[in-house]
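Source: prediction; values computed, not measured.
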Amino acid sequence: MKIELNIPEKLSDIKLKDYQKFLDIADKNKDNEIFLRQKLLQIFCGMPLDTVDKIKRSDFMEITDSVLSVIQQQPELVHTFVLNDVEYGFIPNLDDMSLGEFVDADSALGETKLLVQLMSVFYRPLKGQKNGKGQYNIVAYNGVVNEELKDMPVDAALSSLVFFYLLSNELLTIIQSCLAKEKRENKTKTKVAKLTLEKVSEKSGVGTYQLKHSLEVTILGLKRLLDNQFMLPYFTLHTSKTNNNQKKTL
């Protein structure tokens with residue numbers, strides 16, 4: 001019996017809905033490696049489960065290693081992609097995000113089942129043509145979940161999540177650096193200045209230190225939250241070798 005498989009070579013070969021399906025299964029079966037490898041073949045290569053058991057073990061491990069090496073890639077930000085003859089673009093200027101966009105994106109962050117909702121905020125059809133510098137505009141956000149984005153390439157989805165993670169992490173790092181700098185400057189003040197500051201604090205309220213400490217704790221908590229929400233999923237499966245091919249006949 002001959003079986004021809006289409007094996008993804010890169011993340012753009014994988015649809016978001018298939019990636020979501022695998023994530024959901026992986027989350028519920030973290031310690032069942034063989035089963036997860038079987039699901040890799042079924043979901044990403046289109047092989048029926050009742051056929052998986054009939055292939056050689058060496059082929060089974062080689063193909064699943066290949067698929068694993070693809071889904072564990074870390075893509076660069078995908079600015080535009082074409083889906084169903086429509087070109088979509090990532091939000092050109094984050095500073096111009098509306099309140100509605102921010103609220104809908106914030107409510108979907110960290111939820112695998114809401115990735116399509118999140119992508120409906122991040123990516124929208126282009127309005128007009130791109131100019132010579134690759135700049136573009138996208139249509140206004142209408143608050144509607146674009147179900148067609150279930151079929152978008154997963155490299156775009158993951159790259160946008162990583163982009164927001166890095167951007168948010170950088171912002172928090174800057175805030176922490178500012179707090180650390182203020183601490184160092186305070187230590188260099190003279191004893192007289194410190195005593196004067198303490199007297200002023202007593203008159204105006206002694207909550208300054210507590211407020212600063214609270215802010216630092218909040219920032220650390222937010223950094224942990226960002227780690228949980230934005231980092232790429234961790235798979236317990238580990239590849240032993242890589243051999244990517246677009247098609248393979250068993």
Side-chain angles (χ1 to χ4, degrees), residues 11-12 14-28 43 71 73-131 134-176 215 217-234:
L11 279 172
S12 57
I14 296 175
K15 295 180 179 181
L16 176 58
K17 64 181 180 183
D18 292 333
Y19 189 79
Q20 285 180 288
K21 185 186 299 182
F22 180 76
L23 284 186
D24 183 59
I25 294 173
D27 185 58
K28 299 173 182 176
I43 295 172
I71 65 175
Q73 293 173 0
Q74 296 189 23
E76 295 183 358
L77 179 63
V78 176
H79 291 278
T80 63
F81 64 86
V82 177
L83 176 64
N84 298 331
D85 297 324
V86 176
E87 188 168 13
Y88 288 82
F90 184 72
I91 297 176
N93 190 342
L94 297 178
D95 292 335
D96 293 337
M97 281 187 73
S98 67
L99 178 61
E101 290 172 317
F102 177 81
V103 170
D104 287 351
D106 183 65
S107 65
L109 287 173
E111 295 288 342
T112 302
K113 62 182 180 181
L114 298 179
L115 274 175
V116 176
Q117 174 182 321
L118 185 59
M119 293 303 113
S120 298
V121 179
F122 286 173
Y123 288 97
R124 275 165 270 149
L126 266 57
K127 182 172 62 176
Q129 300 293 322
K130 290 185 289 188
N131 64 22
Q135 297 175 333
Y136 56 84
N137 293 312
I138 56 178
V139 301
Y141 182 63
N142 59 9
V144 177
V145 177
N146 185 354
E147 295 294 339
E148 290 193 5
L149 291 180
K150 289 180 178 179
D151 292 321
M152 71 181 287
V154 78
D155 64 328
L158 294 183
S159 69
S160 64
L161 290 175
V162 173
F163 178 79
F164 266 86
Y165 168 80
L166 295 176
L167 186 66
S168 303
N169 216 24
E170 181 180 356
L171 177 60
L172 291 176
T173 299
I174 292 174
I175 295 175
Q176 285 184 303
L215 179 59
V217 172
T218 300
I219 289 174
L220 290 175
L222 184 54
K223 284 179 70 69
R224 286 193 292 268
L225 180 62
L226 285 170
D227 288 339
N228 292 334
Q229 289 184 333
F230 290 107
M231 290 302 287
L232 294 179
Y234 172 75

| query | Within the distance-only criterion (no hydrogens, no angle test), does the side chain of Glu101 pair as donor or acceptor with the backbone N or O of Ser98 below 3.5 angstrom? | reply | yes
| Approximate separation, where rounding is to 0.5 Å, of Leu118 CG and Leu149 CG | 10.5 Å
| query | How many angstroms lie between CE in Met152 and CE in Met119, if you round to the nearest 0.5 Å? | reply | 6.0 Å
| remark: When rounded to the nearest 0.5 Å, the distance separating CD of Gln20 from CD1 of Ile25 is 12.0 Å
| message | Run the side-chain contact (heavy atoms from CB on, under 4.5 Å) test on Leu115 and Leu16 for me, step by step, so that the C-alpha distance in whole Å, both residues' side-chain angles and the decisive distance to 0.1 Å come before the verdict. | response | CA-CA 8 Å; Leu115 274 175; Leu16 176 58; 3.9 Å; yes
| field | Shortest non-hydrogen contact from Leu83 toward Glu148 | value | CD2-O, 3.2 Å
| request: Please report the closest heavy-atom contact between Ile138 and Pro92, naming both atoms and the distance. | output: CD1-CD, 3.8 Å
| Plane angle bin for Phe90 and Phe163 - parallel if under 30°, tilted between 30 and 60°, otherwise perpendicular | perpendicular
| field | Nearest non-hydrogen partners of Gly89 and Leu126, listed with the distance | value | N-CD1, 3.2 Å
| message | Closer than 4.0 angstrom, basic N to acidic O: yes or no for Glu87 and Lys127? | response | no
| task | Indicate yes or no for a side-chain donor-acceptor contact from Ser159 to the backbone of Val78 under 3.5 Å, with no hydrogens or angles considered. | result | yes
| note | Distance col, row Leu23:CG vs Asp18:CG, nearest 0.5 angstrom, shows 11.0 Å
| query | Shortest non-hydrogen contact from Lys150 to Val116? | reply | CG-CG2, 3.6 Å
| request: For Thr80 and Tyr136, run side-chain contact (heavy atoms from CB on, under 4.5 Å): C-alpha distance rounded to whole Å, both residues' side-chain angles, the deciding distance at 0.1 Å, then the answer. | output: CA-CA 10 Å; Thr80 63; Tyr136 56 84; 3.7 Å; yes
| Any side-chain heavy atom of Val82 sitting closer than 4.5 Å to one from Tyr88? | no
| Quick one: does Tyr19's side chain get under 4.5 Å of Leu158's, heavy atoms only? | yes
| task | Mind checking the CD1-CZ spacing from Ile14 to Phe22? Nearest 0.5 Å is all I need. | result | 9.5 Å
| remark: Between Pro153 and Phe81, the two heavy atoms sitting closest are CD-CD1, 3.7 Å
| said: Ignoring hydrogens, what is the shortest heavy-atom contact between Met97 and Ile91? Give both atom names and the distance. | reply: CG-CD1, 4.1 Å
| Looking just at side-chain N and O atoms, do Tyr123 and Asn146 make a donor-acceptor pair shorter than 3.5 Å? | no
| query | OG/Ser120 to CD/Glu147 distance, rounded to the nearest 0.5 angstrom? | reply | 7.5 Å
